[in-house]
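Shown next, in structure tokens, is the structure this report addresses.
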Amino acid sequence: MIRSSKSSNTVAAVLSMAMALAAFSAMPTQAQSADINVPTVIINSLWSAKALMVVGGQGSGCYPVNNGGRVAGPTLRTNIRYTVIGMSSADCAGGTGLAGVNRQFLARARPAGMYIQIVNGGINVGNR
């Protein structure tokens, strides 16, 4: 059987395009999930913590907290990695991060949002 190189090239090009389309077909779903806002509440159970510093994406900033109280936290975006640090000053001044009171996490969509709890020895993050 004689093959035409032009036909082989056409078939190869069509197969390559089909494989590329199949590989990118999941991307719209992932892009949509990255657009979900996640409300949070900050719970402070550590008397020496005066604020929570949030770093990573939407919602980054300094959030003053009361000892033993709850305050509205940042609205985060899903699929973004955040770092949270307990601070000993209410304005998150440089050098006031509390040793060992930090955490990295990936914001995920939660039905009622997430909580960020400052505790002795660290920070807990979970579903509300």
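Under the 4.5 Å side-chain heavy-atom criterion for ILVMFWY residues, no single connected hydrophobic cluster contains both Val71 and Tyr115. Hydrophobic clustering (ILVMFWY, side-chain heavy atoms < 4.5 Å, transitive): Met87 and Val41 are in distinct clusters. Transitive grouping of hydrophobic side chains (ILVMFWY, heavy atoms separated by less than 4.5 Å) brings Val65 and Leu98 into a common cluster. No continuous path of ILVMFWY side-chain contacts below 4.5 Å connects Met53 to Val84, so the two sit in separate hydrophobic clusters. Hydrophobic cluster membership differs between Ile43 and Leu46, with clusters built from Ile, Leu, Val, Met, Phe, Trp and Tyr side chains linked at under 4.5 angstrom.
Side chain of Arg128 to backbone of Gly113: no donor-acceptor contact under 3.5 angstrom is found.
Atom CD1 of residue Ile80 and atom CG of residue Leu106 lie 8.0 Å apart, to the nearest 0.5 angstrom. Taken to the nearest 0.5 Å, the CD atom of Gln104 stands 9.5 Å off from the CD1 atom of Ile85. Atom OH in Tyr82 sits 9.5 Å away from atom OG1 in Thr40 (nearest 0.5 Å). To the nearest 0.5 Å, atom CG of residue Asn124 and atom CE of residue Met114 are 11.5 Å apart. Here OG of Ser48 is found 8.5 Å from CG of Asn67. Values are rounded to the nearest 0.5 Å. Separating the CG atom in Asn44 from the CD1 atom in Ile116 is a distance of 12.0 Å, to the nearest 0.5 Å.
The two residues Leu52 and Gly86 come nearest to each other via the heavy atoms CD1-N, 4.2 Å. The two residues Ala51 and Cys92 have their closest heavy-atom pair at CB-SG, 3.8 Å. In plain terms, the two heavy atoms of Ser89 and Thr96 that are nearest each other are OG-OG1, 3.0 Å. Scanning all heavy atoms of the two residues, the minimum distance from Val54 to Pro74 falls at CG2-CG, 4.0 Å.
Other residues, nucleotides and ligands place more than 12 heavy atoms under 6.0 Å from the CG atom of Asn37. Applying the 6.0 Å contact sphere to CZ of Arg70 captures no more than 12 heavy atoms from other residues, nucleotides or ligands.
At least one side-chain heavy atom of Phe105 sits under 4.5 Å from a side-chain heavy atom of Leu76. Using a 4.5 Å cut-off on side-chain heavy atoms (C-beta onward), Val125 and Arg103 make contact. Residues Arg108 and Thr78 fail the side-chain proximity criterion, which asks for heavy atoms closer than 4.5 Å. Contact annotation: the side chain of Thr75 approaches that of Gln58 to within less than 4.5 Å [non-hydrogen atoms, C-beta and beyond]. Side-chain contact check for Lys50 versus Pro64: every heavy-atom pair is 4.5 Å or farther apart.
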